[in-house]
Amino acid sequence: MSLDSSRSANSGPQNLKRSFNSNSSNDKGNSSNSKKRKSNQKTLGMAWGPNSLSTSRSSFRSSPFSDFGSYMVEKNRKLQNQFDAEASNSSLSDSSTKPIFHGVSIFVDGFTVPSSQELRRYMLNYGGRFENYFSRHRVTHIICSNLPDSKIKNIRSFSGGLPVVKPTWILDSVAAKRLLSWVPYQLDQLASNQPTLSAFFTSKFSPASEGVFTAAICEVKHATEDLCLKDASTDAKFSEEGEPSEWRKKITEEHDELMRGNTDSKVIEEPSSSYSEASQEVKGVERSYLEQDDESKENNGPQYCPEQPSASVSSHCFDNHSIKGLPHSTALGPSKQRHSTLGDPNFVENYFKNSRLHFIGTWRNRYRKRFPSLPNGFKCVNSHLDVSADTQKTAIIHIDMDCFFVSVVIRSHPELHDKPVAVCHSDNPKGTAEISSANYPARDYGIRAGMFVRDAKALCTHLVILSYNFEAYEEVADQFYNILHKHCNRVQAVSCDEAFLDVTDLEGEDPQLLASVIRKEIFEATGCTASAGIAVNMLMARLATRTAKPNGQCYISPERVDEYLDQLPIKALPGIGHVLEEKLKNRNVRTCGQLRMISKDSLQKDFRFKTGEMLWNYCRGVDNRLVGTIQESKSVGAEVNWGVRFRDLQDTQHFLLDLCKEVSLRLQGCGVQGRTFTLKIKKRRKDAGEPAKYMGCGDCENLSHSTTVPLATDDVEVLQRITKQLFGFFHIDVKDIRGVGLQVSRLESVDTSKQVLERNSLKSWLISASARSEEQCDINGIAKDRVGTDTEGRSMGGNSGVLCTDPVGNSVLRTNNTSNGEGCSNQGLSIPLLCDLDMGVVESLPSELLSELNEMYGGKLVDLIAKSKGQGENSTGSLCFHSPELAKVAVEEAERSRNSDPISLSRTAAEMKGKQHILDGLQTVPDSGAGFNSIAISIQGLDNNDLMPSSLSQVDTSVLQQLPEELRADIFESLPEHRRQEISTLGPNRDNLHHPLCINPPESTDSGLTNTLWIGNPPMWVDKFKVSNLLMLRFFADMYYKAKSAENLSSILQCTIAESLHPLDAKCDAWNEAVHSFNELLVEYIKLKIVVDIEEIYVCFRLLRRLSTRSEFFLEVYNLVFPHLQVSVDENYGGNLHIPLNK
Amino acid sequence: MERKDNQSPRGHIAGILVEFLEVAITSVVFLKGIYSPGAFERRRYMNVVVQRARHPQLRDYIHSAVSGLLPFIEKGLVERVAVIFFNTDNIPVERFMFKLAVNQSFDSKVEESDLEFSLRSFLVKLSVSQPLTKVLPCDCRWEITAYFRSLPQVSNCKDTELWISTDTKQWQQPPLITPIKSMNSEPLGVQLYLEHPSPSEPKS
């Protein structure tokens, strides 16, 4: 969270607006997207929309005005002009300095967070270019968050060799105010595939700027430490209270505040710092810095950049939101001119500003924020249960303001007090507005809420109509609750003007007296009257209030309950509406007394179980609800059915977007996310004319469509996408739409969804693990900082135990956790001290878990492990840990070296050590994408000039053999040409234990005599081909090392297709021999695979067929081996393999 | 779809396999569009979206056919399970073959998650293999046929009686094979491929 707020602060107001005002650019984006589909350029797949139009390309071509080439040229030119024009308007950088993205031209592929439009905006503002269509010549970077597997496999043909970078790169560069290297931001998916080793030997960072960075980091750290201390105290305070759900809320809130305050101050301290996310890891970072030499410090920079844009964006919105408060808080009087969606671009916003229902609906959030002691309610419930068990004498007060909406408005008009007054959103002469609330004098005339103004005026000619004053409502509601909370700590808010108090505990105070005191205070504070009902339960208290109104109070003693209810019309009971009333009337039930005659079973049979039970209870005055139980809302939504008029689809889309924003705000306000989205539309009936009520909805059909998504969301963009899709289902003339509502249900609280994540984490069992780890850990003198610990740890020799953290460090963990955006809810579970951990357990964890744990410990854990291990094996002792990530790598390395002793032991020379560091570092690349960046950088940190041994004789062959093929290939590649010869000699002398093809023993054993080419790792043929004097075969052997999973021929062939852009053929003497060798290779492969994996054979031969169109060599091979293939297939499957022709 | 836990590893694998076949065959039937899409509902199996037949008879047919195979699979007798689509003349138009290979000597505990990972890829691949298949003529029939390595001993087990020996018409010529997916995750190997009549097949 710290990241987002500080980042937004860094980049100024433009960034703050991002989540709210992006609609204009989005609209533009959509329209251009729809055009884009017609393109015949290589668009690489767009983010949205079906590609259906692309199939009709041919028909376009034949039409008279569809010369696509010129069309696209023209279009691209226009787009560029547009972009230039916009850029000149909105560029933020002053002309004296070079803009950040000068010379960068991005193409955004697929769905990204932030969206392509936002990225475009960044490009606009910081002097970059944004290409709508991919072009190898104009684009310099491809931005994408995710790629389909097909593109990954064929990355070269997809990207044209251009870097494929995550969008974070742009955000971070903007935040850093300079162009960062894209290398650390390369798409994770690609990371394991790329020829990495040599790429990192060149230094990419200028020391000067890095110096700035370190300084900034220190400052960040300073701020964070502050926070930690505060946080720690908060923790301590709350962990005593037990009852997790109770303080969790509280802590979250407080923590939010802290964070907010903290990030603010941070921004002030170092406005230039870009690495604000570093606050996550600052502690670890800072500590490791202490022991690092300057050089490595300089090279550590980029890895602290945020990796999780999605998380940050959402919380970013939330932050803004909570700072700004709810949108209606600035509500003003109704705008007089713009009454429909036609005229007012901000219709939705204004609509809700002026909606009383909206005020009531959103009031609860406000209340929760204002009275964060709400969790007290939960506590009350618990204790209340005990209380009600031993004493039955409960006392509940229900207090309700008298005609709240009117009396608040007229309190400043004493002359109106005894005049009939009604509140209504407009008082126009047509009188078609509906009255929302009327005071008692007006009610005497028969004026009721929901009446048209003109009807009301007919009843009472001198009726005064006033409009809402939401500010006053808020003020009064706050005062009202202040008073209630002052007198009683068990308050259940029902609405802004209505609440239940449980005064059972307030012994010695007469509830009736208390009620009158409260009422008096309310009147004095607000100038408005309130009525109160006192009884033994909520139901009776509420009914009593009904009798008490206006401005009175009523006490129903338990003895009088029966008497009171006997003649009470059933309609008065809460929960009985029109429908239920009708049904009961049909059975001649009008009063509670009559209702009591019906048995519970019969009621439950007729009205379903729950309703029946409720009826039975209520008519007897029984109500088991407890004050303080809060019903969570089942759905959140917004609906507009007044003033909705659209001209065209664009209006509608605009409106829907606004509606989505509103709903998203409401979701965030409630702290929930939803999975089911329902779009409701009111459609004018065919015969219905313009409704009587001005701009009302009139006679409408109600239509709705809904959809459920797998992952709960509150994100505006997702909402918008879903809504658009839903709207598409309606097939409706937009002119007929009279109302639109969007409702989100299947809500999940943001906290619980985080909890789910947390459940998977290890914290819970860590604690149990710590219990049995006592004997294993040596608690050493606590060293205040890591330099100390470090040296101590080293001096300990081979001891396995170690190191305890200081309390400050421990609290840091929690902070880290929280700022990661995952942790708030889980803070109570305190992480066991490092010294409590069982090292044996920790060491044997899989690397992912280890890294998760490590994150919790702010990176110390791995240092610890690495050190405890490093003692025995001097090889790791000399490594310095640059960062948590790197340290993790180091652990894995240490682990590895322990598992395979020969590697580490066989090495003595310092150079070799360096080498091994790299090798092992690289080794971890496939398993740990996260660690990747840091490795890369750490390698830079080492001596850049001669990492590679000058000859292979210096390389430990056993190490090489242990490496995965890809890495080996990498190393080979980075060796100078003349050294390669030596490698090939390494090939044969390996044992067969590891070779990947061993998995099919049944076949490989019986064909063992003949099938030799595919045995070994790398298989024999690779070596054989390598030494061949035919270019083709050598080329193919090279492909073996290039291919990703080289044990499959198909991937080698795939690689061959991708690589061999040049013609492969060169006839020579050994041609026939080569064909023969290759044929042999294939025959053996068929033999190997035919029984178990016909799919692989199939893929291989399709690829071969493709190659055969390019190369005569492969054609010959293909023709030679194809009959053999068919014979084998026939033998095993009784048919022929069908290889379709492909182009 | 419930599996018993206290089984031998082999029975356990057979159980998984049978369950998988049920889902896969339903997917095949859905893929071919013999019944209207409304006859299926989306379900989640091994964390992928699959189709499940809604019509009880269809569901029962597939279920009973496949679960009837369980004892044979356990013994390793079943070599292939085929879903065969016929035209009105009872001549096969398309056959989906599941070739099974269960390593009988495998006795250690099976990592179910590994197995699921491999089997899941079938379901994924199957759902996108529509273009590989042929358009069926209208009025076609289909059936599930199992090919045994040897004729099984007549057993008195009830559910095995559901399987009857068949004399389905065969193609005269070796068919054309289009593999869809293969997997081999010790101890279980499954391959799915399509068989179409070869172009030289005499048209009747």
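Here is the naming used below: chain letters follow the sequence lines, and residue numbers restart at 1 for every chain.
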- Task: Could you tell me which of B/Met183, B/Glu195, B/Lys99, B/Arg80 has the largest number of non-hydrogen atom pairs under 4.5 Å with chain A?
- Result: B/Lys99
- Rounded to the nearest 0.5 Å, how far does CZ of B/Phe122 lie from CD of A/Glu1095? 7.5 Å
- Item | Contact origin within B/Ile180 toward chain A - heavy atom pairs under 4.5 Å | backbone
- Go through the atoms of A/Asp1130 and report whether side chain, backbone, both or neither lie under 4.5 Å from a heavy atom of chain B. side chain
- Item | Any side-chain heavy-atom pair of A/Tyr1133 and B/Met97 under 4.5 Å | no
- Message: When you measure from the side chain of B/Gln191 to the backbone of A/Ile1094, do you find a donor-acceptor pair of N or O atoms at a distance under 3.5 Å?
- Response: yes
- Query: Any idea which heavy atoms bring B/Pro174 and A/Gly1135 closest together, and the distance?
  - Reply: CB-CA, 3.9 Å
- Option from A/Asn1132, A/Asn1136, A/Leu1137 for which side chain to side chain contact (heavy atoms under 4.5 Å, CB included) with B/Ile177 holds: A/Leu1137
- Note on the structure: Heavy atoms of B/Ser182 and A/Val1092 approach each other most closely as CB-O, 4.0 Å
